[in-house]
Amino acid sequence: MTTQRYEGKKMKLTVVMLLGVAALTSAIEYQRYKVVSVRPRTHEEVMIVEGLVNRWELDQWSSLKALGTPMDIMVSPRLTQRFLGVLRRRHIPFTIKINDVQALINTESAQYKTSQSMPHKFDHADYHRTDEIYSILKGAETDFPDLVTIYTAATTYEGRDIRVAKVSTGGSKPVIWIDCGIHAREWIAHATCQYILDQLTSGSNSDSEVSALLDSYDFHIMPVVNPDGYEYTWTSDRLWRKNRVPNTICHGVDCNRNFDSDFGGIGTSDNPCSDLYHGKSAFSEKESQVVRDSIKDLGVKMFVTIHSYSQLWMTPYGYTNDKPANYDEQYRVAGEAVVALEAVHGTRYQYGNIADVIYMAAGGSIDWAYDSAGVEYAFGLELRDTGSYGFLLPKEQIIPTGEETWAGIKAAVQAI
Ligand code: 0X9
Ligand code: ZN
């Protein structure tokens with residue numbers, strides 16, 4: 001399990017050009033940090049690797065799904081030789097997936113747009129800042145006034161809006177809830193929510209599949225659950241995961257450990273410096289409160305929360321190995337979804353309950369949605385890829401990722 005971060009991270013004063021505005025920012029840099037993909041084959045090897053992750057407070061980018069499958073771990077230059085030395089001595093197989101994390105971040109940031117004008121139309125050629133996303137949502141409301149309503153569901157600690165796009169042809173239908181970006185660094189998630197909203201609106205009149213979905217359901221889409229964290233990934237630390245509330249020491253709560261689903265249980269941390277810090281109490285954070293409060297009276301039939309990466313379609317539970325009462329039904333629908341998803345670009349997803357396909361973790365939103373909000377179908381998605389780029393997925397993959405994810409979600413909704 002990931003614990004603390006920021007061992008030996010270099011702070012650097014950088015003049016950052018964002019949206020054409022020069023800002024003096026202290027950015028965290030990842031020069032010569034590597035992402036090592038380790039494949040422990042026995043429980044003993046898993047213990048060795050997890051021991052190193054905990055001792056050196058390494059950032060675990062992805063987790064072991066089964067013995068012999070990869071877990072991706074980011075290692076600083078200071079620790080690389082020692083880390084690889086242990087793996088070699090213990091004959092634990094590994095490959096280096098990313099040789100210089102900062103080089104990938106630089107490639108990505110070199111492509112940032114410098115235009116100062118706010119976009120009003122969907123633009124899946126780029127990742128976008130929160131303000132731009134909200135401007136695009138507003139544009140969708142202007143273009144589809146009878147279909148789209150934008151509402152502000154809450155305001156964050158740093159004062160940013162958390163907005164939702166409601167897509168409805170009228171009346172009050174069962175709701176499909178889709179949220180993205182509860183984890184700040186998972187940029188493809190935010191982009192995919194925008195892609196889905198684009199498909200729902202542009203297809204509302206012209207695409208019979210979409211109009212059939214809209215005849216039966218309202219959609220509520222929250223593209224930036226954690227805007228404070230997301231903005232911080234643009235200005236200061238591309239790999240920030242949590243929100244930005246100040247704790248006594250260190251910033252941020254892992255909002256996906258802050259729901260009231262066995263709060264504080266397995267796979268969470270009470271250390272405020274940890275990436276898995278669960279916060280002071282269940283629902284202490286605006287970002288988890290807003291999801292709770294938004295869905296509670298909506299009549300949500302299907303809840304989808306979008307993350308990256310690892311290509312997984314997850315169903316409850318994460319806090320226990322037990323399966324929910326309707327597990328077979330949720331599993332069936334997840335199966336339909338991944339078949340449809342794979343048919344688009346051949347991207348393979350694994351699916352099933354969180355505890356089986358990823359790792360146990362308490363306090364997550366889908367468990368709460370299923371247990372406490374009465375949602376029958378609660379899915380957590382981990383989008384592309386499987387670690388070649390990880391959180392730094394090139395923008396060229398926004399559209400293909402959107403296409404396949406939308407196919408999966410459509411198939412899931414059609415299957416219920
Ligand atoms: O650990 C998480 O919160 C998710 N993985 S991620 O790499 N995007 O951080 C998985 C969430 C699974 N859901 C629960 N554990 N409840
Ligand atoms: Zn995540």
Side-chain angles (χ1 to χ4, degrees), residues 1-14 16 23-31 33 35 50-61 63 73-79 82-83 101-102 105 130 154-160 162 181-186 225-290 307 359 361-365 391:
M1 269 292 112
T2 317
T3 51
Q4 280 165 299
R5 305 185 57 219
Y6 295 131
E7 52 80 28
K9 270 185 197 173
K10 267 194 261 154
M11 298 285 288
K12 192 182 165 203
L13 279 181
T14 327
V16 187
L24 192 62
T25 325
S26 60
I28 288 160
E29 300 245 322
Y30 294 89
Q31 247 92 33
Y33 277 65
V35 177
E50 284 186 344
L52 296 177
V53 168
N54 289 332
R55 173 148 28 107
W56 289 330
E57 298 168 353
L58 305 176
D59 184 351
Q60 194 171 322
W61 278 30
S63 297
I73 298 162
M74 183 169 75
V75 195
S76 70
R78 193 171 61 85
L79 290 170
R82 279 201 276 170
F83 182 73
V101 171
Q102 189 61 39
I105 294 176
T130 309
T155 310
T156 63
Y157 177 81
E158 291 182 349
R160 293 186 182 87
I162 304 175
I182 196 167
H183 288 145
R185 62 189 177 182
E186 299 165 7
V225 178
N226 172 16
D228 292 351
Y230 186 53
E231 284 303 301
Y232 194 71
T233 63
W234 281 82
T235 58
S236 307
D237 180 355
R238 177 62 183 84
L239 295 175
W240 188 257
R241 165 182 169 96
K242 303 186 285 181
N243 70 7
R244 288 294 302 161
V245 295
N247 305 309
T248 38
I249 46 162
C250 299
H251 280 74
V253 169
D254 182 348
C255 306
N256 206 34
R257 300 291 180 277
N258 191 245
F259 287 76
D260 194 8
S261 42
D262 196 29
F263 176 80
I266 191 164
T268 74
S269 169
D270 58 8
N271 175 353
C273 299
S274 164
D275 253 353
L276 305 178
Y277 177 48
H278 50 52
K280 284 201 182 76
S281 55
F283 291 119
S284 55
E285 305 309 302
K286 297 280 191 183
E287 296 80 1
S288 52
Q289 289 167 15
V290 72
H307 292 248
Y359 45 75
S365 66
F391 305 116

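Note that the coordinates shown come from a computational prediction; the quantities given were computed from them, not determined experimentally. All residue numbers in this chain count up from 1 along the given sequence. In what follows, every heavy atom counts, from backbone to side chain, and hydrogens, waters and symmetry copies are set aside.
To the nearest 0.5 angstrom, Ser288 atom OG is 10.0 Å from Asp260 atom CG. From Cys250, atom SG reaches atom NZ of Lys242 across 6.5 Å, with rounding to the nearest 0.5 Å. To the nearest 0.5 angstrom, Ile73 atom CD1 is 8.5 Å from Glu50 atom CD. For the atom pair Ile162 CD1 and Asn226 CG, the distance stands at 7.5 Å (nearest 0.5 Å). With rounding to the nearest 0.5 angstrom, the OH atom of Tyr277 is 8.0 Å from the CD atom of Glu285. In this structure, OG1 on Thr268 lies 11.5 Å from CG on Asn256, to the nearest 0.5 angstrom.
With a 4.5 Å cut-off on side-chain heavy atoms, Leu58 and Phe83 count as touching. In this structure the side chain of Trp61 reaches within 4.5 angstrom of the side chain of Leu239, judged on heavy atoms. The shortest side-chain heavy-atom distance between Tyr157 and Pro246 falls under the 4.5 Å cut-off. A heavy-atom distance below 4.5 Å is found between the side chains of His251 and Trp240. Using a 4.5 Å heavy-atom cutoff, the side chains of Phe263 and His278 are in contact. Ser236 has its side chain out of reach of Ile28: every pair of non-hydrogen atoms, C-beta onward, lies at least 4.5 Å apart.
Side-chain contact annotation: Glu287 with Asn243, donor-acceptor N/O pair under 3.5 Å present.
Nearest heavy-atom pair, Lys280 versus Ser284, reported as atom, atom and distance to 0.1 Å: N-OG, 3.6 Å.
Using a distance-only test at 3.5 Å, with no hydrogens or angles considered, a donor-acceptor pair links the side chain of Asn247 to the main chain of Gly252. Arg257 contributes a side-chain N or O that, together with a main-chain N or O of Gly267, makes up a donor-acceptor pair within less than 3.5 Å. Judged by distance alone, the side chain of Asn258 and the main-chain N or O of Gly279 form no donor-acceptor pair under 3.5 Å. Side-chain atoms of Asp254 never come within 3.5 Å of backbone atoms of Arg241 as a donor-acceptor pair (strictly under, hydrogens ignored).
Take His307 and apply the side chain to side chain donor-acceptor pair (under 3.5 Å) test, not counting sequence neighbours, and it matches His183, Glu186. Annotation: side chain to side chain donor-acceptor pair (under 3.5 Å) contacts of Asp228 (sequence neighbours excluded): Thr156, Arg160.
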In sequence, state the C-alpha distance, the side-chain angles, and the governing distance for Ile105 and Phe391, and then conclude on side-chain contact (heavy atoms from CB on, under 4.5 Å). CA-CA 10 Å; Ile105 294 176; Phe391 305 116; over 6 Å; no
